[in-house]
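So the structure is just underneath, and the comments pick up after that.
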Amino acid sequence: MEIAKVYDPKEAEEHHYKRWESNGFFAPEINEDPDAEKFSVVIPPPNVTGTLHMGHALQHTLMDTLTRWKRMQGYRTLFLVGVDHAGISTQLMVTRQLKKDEHRSPQDIGRDAFTEKVWEWKNKYGNVITEQIRKEGLSVDWTRERFTMEDDLSTTVRNVFVRLYEEGWIYRGTRIVNWCPRDKTVLSDLEVKEEKARDGKLYYLRYPVSEPEAVATRLMLTVATTRPETMLGDTAVAVNPDDERYKHLVGRKILLPLTNREIPIIADAYVESEFGTGAVKITPAHDPNDWEIGQRHNLEMLVIMNEDATMNAAAGADFEGLERYAAREKVVEEFEKLGLLDKIEDYDVTLPHCERCKTVIEPLLSEQWFAKMDEMRDMALKLLREENAPRFFPEVPHKKVYMMWLENLRDWTISRQLWWGHQIPAWYDKDGNVFVAHSKEEASEKAGTTDLVQDQDVLDTWFSSALWPFSTMGWNGSGPGAMATGLLAAENKNPVAIAPVSDSTSDLETFYPTDVLVTGRDIIRLWVSRMVMTGLKFTGKKPFDDVIIHGTVLDKNGQRMSKTKNNGIDPLEVFAKFGVDATRMTLAGSATGIDFAWRDEKVESYRNFANKIWNATRFCLINSDGACVDLKSLEFHLQAASEAALGREEPAEAVPPNASLADRWIISRLNKTAKAVDHALETYQFHEAVQLLYHFFWDDFCDWYIEFVKDEIVNLSDAEMVRDIEAGIGSVPGAVATGLTPAQIQSRTRILTILEQAIRMLHPFMPFLTEELWQKLPGTGSSLHNPAYRSAEKTIMLADFPKCNEAMIDEAAESEMNAVIELITKVRNIRAEMNIKSADKFTVHIAADGAFQQVFKANEPQILKLAKAEKLVIGEKMEVPKASAKAVTANAEIAVPLEGLIDFEKERSRLAGQIEKLNIELHRLNAQLSNVSFVEKAPPEKVNELRERQTEIEQQVKTLNTNLDALN
RNA sequence: GCCGACUUAGCUCAGUGGUAGAGCACUCGCUUCACACGCGAUAGGCCACAAGUUCGAAUCUUGUAGUCGGCACCA
């Protein structure tokens with residue numbers, strides 16, 4: 001068999017994904033078991049404009065690992081994929097393109113033409129991200145791919161809007177909103193990021209009190225502000241009602257400079273007397289706090305800015321048309337000229353910025369659509385408080401953050417001044433009356449006229465994303481009672497046979513609620529909370545049980561990746577360099593929820609691991625003639641166990657004579673690993689599973705098991721064959737024909753079978769490599785499939801995930817094998833420390849008690865080979881020349897006579913070093929065991945354990961000291 | 001201002017009320033017939049600091065310092 005020496009992932013990645021997809025392995029319909037339990041997960045829809053980044057790669061890896069694992073366990077799985085329309089960023093991108101290509105703006109071409117452009121753009125570039133998802137190897141069901149702007153989902157959004165409006169949860173109102181003057185749209189609180197502004201200043205402005213006698217005395221009230229330009233829109237000055245300094249001024253008036261307007265001095269508890277001067281200018285149309293004061297005092301709302309943050313006519317002729325910062329300078333200049341500028345102080349302010357374009361947000365009085373959140377909020381809080389749902393992984397700190405955010409939730413601004421998105425289904429007649437309806441026809445009926453104009457705004461993208469887990473599964477809010485107490489029966493005991501793809505209602509019944517959501521921290525409020533709220537409101541069910549919050553992938557210096565810093569790491573480049581599987585292992589190998597700095601070295605180590613798996617398999621395949629994967633070959637433990645259960649006295653006899661210690665040991669390790677991996681995945685400890693598999697495969701399987709059985713397995717040369725037959729070994733019928741003995745065939749079968757199971761366990765993490773290798777193994781096929789997939793073509797994707805068989809755990813084998821491993825390691829240590837060359841021949845003397853003598857004798861060939869020794873002398877005691885290197889293990893004393901080779905000085909210091917190390921531990925043990933309160937209060941098992949360890953070490957120290965003395 | 005997380009080997013990170021672990025890097029030795037993306041053997045840590053609880057603390061509590069994050073306020 002021709003197999004390359006180094007694994008090259010590229011071809012496998014391309015080839016297998018196509019096959020998986022075209023054979024329908026990803027679709028839940030592949031599962032033929034009518035009683036199969038379901039497992040479902042929806043992808044957090046990436047932006048249609050987006051490209052894959054490490055955060056995606058991480059969350060996708062975790063979701064796919066879970067899905068593949070569950071699928072192999074026989075669950076009917078659905079991993080639902082799709083993208084969202086990303087209102088603002090897509091519109092920006094297409095606008096930019098339009099400007100570049102045609103030197104035109106959206107306004108130039110009009111709404112319909114522009115929307116058409118966006119669709120064109122989407123059809124051309126919108127599959128970049130989905131192609132990248134294919135590259136990642138995600139086992140998502142492409143037949144159910146969704147897009148938030150497609151017809152069905154748009155209808156759903158409209159239905160939801162109408163329903164919420166009719167119930168009174170959506171209203172239109174004039175409020176101060178976060179206005180981005182560059183994007184010219186409103187933003188929700190969550191799309192705004194507070195950032196420290198540079199060069200912040202606090203300007204102290206003198207406002208003259210306007211009554212005649214005050215003017216005569218030039219009575220001034222000084223206010224402090226960071227935004228002097230807004231004074232043009234002031235409609236009051238406020239002081240604290242308890243502030244003795246200003247009590248006499250309340251109720252009087254200010255003659256507002258530069259405007260010739262008179263504004264009142266009012267008292268409001270909002271004002272803190274200690275801050276600034278204790279007097280606050282009030283600009284209700286340009287500041288959220290001022291707006292609230294304005295509401296309380298019935299102040300005039302004077303809007304002085306345009307949508308692009310230039311001053312409008314209301315700001316006065318001198319200022320009209322000025323950009324806001326130019327206006328600020330001019331206001332300050334004018335105040336200075338008038339002698340009304342008291343002082344300017346440096347002052348650190350944090351200002352809201354548009355998350356997307358970084359422009360400073362302008363709080364602006366504006367008419368928008370809002371969603372009242374109280375009812376849905378209360379439902380979500382109840383679910384959390386009473387059922388601890390959804391469960392967050394890790395729970396700290398996300399549960400608390402989520403709860404606190406819900407508790408302080410305010411109304412949600414859902415309209416956006418964009419053209420790309422779900423246009424708000426509201427129509428206005430000539431008098432401005434609003435009619436919310438599913439269609440213009442319906443609105444016309446309500447209005448009694450067809451002379452209607454639809455609201456120009458669209459809905460926040462998150463409005464549609466909030467419906468994602470159920471809208472994508474066919475819920476559209478139109479069915480009878482669909483929105484009442486929940487569409488679904490509490491328990492759906494009727495399993496869906498094979499759900500036709502088109503029958504999306506069955507999808508809802510089968511796959512909703514989903515099992516788990518995997519997403520990033522910053523999305524908890526934007527998306528997770530909203531899905532919970534809408535899920536409860538519209539379906540009566542929580543949309544998912546568990547929420548895994550993954551960590552942030554940082555750059556190698558621990559910095560967040562960002563476009564501005566240009567320190568992003570492109571997953572596609574990493575794939576190209578190290579392979580998708582190695583990248584997935586790296587990502588899954590990071591602790592759940594913890595940020596981690598990206599290191600190429602880490603991926604490299606998993607690339608090496610992939611190569612190790614490749615080569616271990618290569619070795620097994622080179623030596624696989626006459627054998628194939630056969631699960632029965634591992635079952636001798638079961639025979640032994642059942643015979644033990646029947647009361648046989650020596651169940652060990654049931655073990656076939658050729659089941660070696662190493663066989664029993666590796667099978668025990670395999671089953672323990674399967675158990676631990678299962679537990680790790682159940683609790684979403686992906687990194688734990690990765691560690692377990694890495695350790696099992698590399699250390700246990702490759703370093704020890706393969707090395708132990710190598711001589712048995714490799715093809716014998718003709719000369720060796722003849723020698724063996726002459727020696728009476730392996731001269732059995734058929735042996736000459738194949739060149740193999742039955743024992744060899746059995747060994748080959750066994751190693752293939754163990755390898756095959758290890759590869760299956762690795763599949764959810766490393767899908768491509770494992771499929772590539774599994775296809776090459778003889779004896780794999782649909783017989784290894786989970787029975788639910790019996791008709792499917794051969795693929796590891798649908799093979800059964802290995803389960804732990806407790807009867808195969810063999811503690812005796814593990815401790816015996818450990819003794820052998822320790823023995824070999826100690827001899828190797830002597831070899832290395834004493835500079836024994838490969839070619840040097842030496843004998844190893846071993847003294848041990850009877851049971852371990854047997855163990856060592858039984859494994860003599862392997863010990864000789866792995867320690868590179870020529871001969872073993874095993875007995876109760878040993879007699880060796882003075883010129884010997886010595887060592888002790890927990891079960892044996894070792895001596896290697898090195899006449900002429902030994903460096904006594906070196907050997908002395910080597911032994912002294914070992915004694916030193918043991919003594920440190922011994923001192924600690926002695927101290928602990930002589931502590932009366934420890935012996936009295938600690939659990940007896942613990943005390944015994946330490947006593948045993950103490951005896952063992954004392955013995956070892958004693959032996960080593962004797963050996964050391966003998967050198968002198 | 002409030003809340004939270006983190007601080008473990010040179011680096012990146014696991015882990016745990018009872019002998020400190022991994023990967024990478026380092027040192028030494030191997031052209032051993034699956035793999036040099038390899039094999040073998042070492043070395044390396046008072047688990048940030050201080051106090052407390054406990055027979056026992058790196059692990060639990062409290063405080064301190066540093067790093068990072070979230071929220072609130074910001075005239």
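Chain identifiers are assigned alphabetically (A, B, ...) following the order of the sequence lines, protein sequences preceding nucleic acid strands; residue numbering begins at 1 within each chain. Heavy atoms only: backbone and side chains are in, while hydrogens, waters and symmetry mates are out.
- Straight-line distance between the C1' atoms of B:G52 and B:G15: roughly 25 Å, to the nearest whole Å.
- A:Gln559 places its CD atom 15 Å from the C1' atom of B:U12, with the value rounded to the nearest Å.
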Can you check each nucleotide of nucleotides 15-22 of chain B against protein heavy atoms at under 4.0 Å and return B for base, S for sugar-phosphate only, - for none, in 5' to 3' order? S--BB--S
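- Atoms NZ (A:Lys400) and P (B:C2) sit 13 Å apart, rounded to a whole Å.
- Between the P atom of B:G4 and the CE atom of A:Met403 lies a distance of 13 Å, rounded to the nearest Å.
- The same atom, P, is picked in B:U59 and in B:U53; the two are 15 Å apart, to the nearest Å.
- OP1 or OP2 of B:G70 has not a single side-chain nitrogen or oxygen of A:Lys399 nearer than 4.0 Å.
- Using a 4.0 Å cut-off, no side-chain N or O of A:Arg525 falls inside it from OP1 or OP2 of B:G70.
- Every ring pair (Phe, Tyr, Trp, His ring centres under 6.0 Å) that A:Tyr402 has, sequence neighbours left out, goes to A:Phe392.
- Rounded to whole Å, the C1' atom of B:U42 lies 29 Å from the corresponding atom of B:U7.
- For the atom pair CG (A:Asp290) and OG1 (A:Thr230), the distance works out to 7.5 Å, reported to the nearest 0.5 Å.
- The nearest whole Å value for the distance from the CG atom in A:Asn408 to the C1' atom in B:C3 is 12 Å.
- A:Lys343 pairs by the side chain to side chain contact (heavy atoms under 4.5 Å, CB included) definition with A:Tyr204, A:Glu345, not counting sequence neighbours.
- Rounded to whole Å, the P atom of B:G29 lies 42 Å from the corresponding atom of B:G17.
- Looking at residues two or more places apart in sequence or on another chain, you find a side chain to side chain contact (heavy atoms under 4.5 Å, CB included) between A:His695 and A:Arg669, A:Asp699, A:Asp700.
- For the C1' atom pair drawn from B:A5 and B:A9, the interatomic distance equals 23 Å after rounding to whole Å.
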Distances under 3.5 Å only, N/O to N/O: pair up the protein atoms with those of nucleotides 72-74 of chain B.
unit_1	atom_1	unit_2	atom_2	d
B:C73	N4	A:Thr350	OG1	3.4
B:C74	OP1	A:Tyr270	OH	2.6
B:C74	OP1	A:Asn289	ND2	2.9
B:C74	OP2	A:Asn289	ND2	3.2
B:C74	O2'	A:Tyr347	OH	2.6
B:C74	N3	A:Thr350	OG1	2.5
B:C74	N4	A:Glu194	OE1	3.1
B:C74	N4	A:Thr350	OG1	2.7

Counting primed atoms plus P, OP1 and OP2 as sugar-phosphate and everything else as base, spell out the protein contacts along nucleotides 27-41 of chain B at 4.0 Å heavy-atom distance: B, S or - for each nucleotide, 5' to 3'. -----B-BB-BSSSS
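- Taking atom CZ of residue A:Phe578 and atom P of nucleotide B:C24, one finds them 13 Å apart after rounding to whole Å.
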Treat primed atoms plus P, OP1 and OP2 as sugar-phosphate and everything else as base, then score nucleotides 57-63 of chain B 5' to 3': B for base contact with protein heavy atoms under 4.0 Å, S for sugar-phosphate contact only, - for none. -------
Side chains of residues 923-936 of chain A: which donor-acceptor pairs under 3.5 Å do they make with residues two or more places apart or in other chains?
unit_1	atom_1	unit_2	atom_2	d
A:Asn926	OD1	A:Gln950	NE2	2.6
A:Asn926	ND2	A:Leu922	O	3.4
A:Ser930	OG	A:Asn926	O	2.9
A:Ser930	OG	A:Ala927	O	3.1
A:Asn931	OD1	A:Ser933	N	3.1
A:Asn931	OD1	A:Ser933	OG	2.8
A:Asn931	OD1	A:Phe934	N	3.4

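- By the side chain to side chain contact (heavy atoms under 4.5 Å, CB included) test, A:Lys201 pairs with A:Tyr203, A:Ile344, A:Asp346, sequence neighbours left out.
- In this structure A:Ala269 satisfies the side chain to side chain contact (heavy atoms under 4.5 Å, CB included) test with no other residue, sequence neighbours excluded.
- Comparing B:C73 with B:A58, their P atoms are spaced 43 Å from each other, to the whole Å.
- Atom P of nucleotide B:C71 and atom NE2 of A:His398 are separated by 12 Å, given to the nearest angstrom.
- B:C6 and B:G63 have their P atoms separated by 15 Å, given to the nearest Å.
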Which atoms of nucleotides 6-11 of chain B (N or O only) lie under 3.5 Å from a protein N or O atom, and what are those distances?
unit_1	atom_1	unit_2	atom_2	d
B:C11	O2'	A:Arg599	NH1	3.1

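- Side-chain atoms of A:Lys826 never come within 3.5 Å of backbone atoms of A:Ile894 as a donor-acceptor pair (strictly under, hydrogens ignored).
- Taken together, the paired segments of RNA chain B that extend over three or more consecutive Watson-Crick or G-U pairs, each closer than 3.5 Å at both contacts, are B:1-7 with B:65-71, B:10-13 with B:21-24, B:27-30 with B:38-41, B:48-52 with B:60-64.
- The same atom, C1', is picked in B:C49 and in B:U19; the two are 25 Å apart, to the nearest Å.
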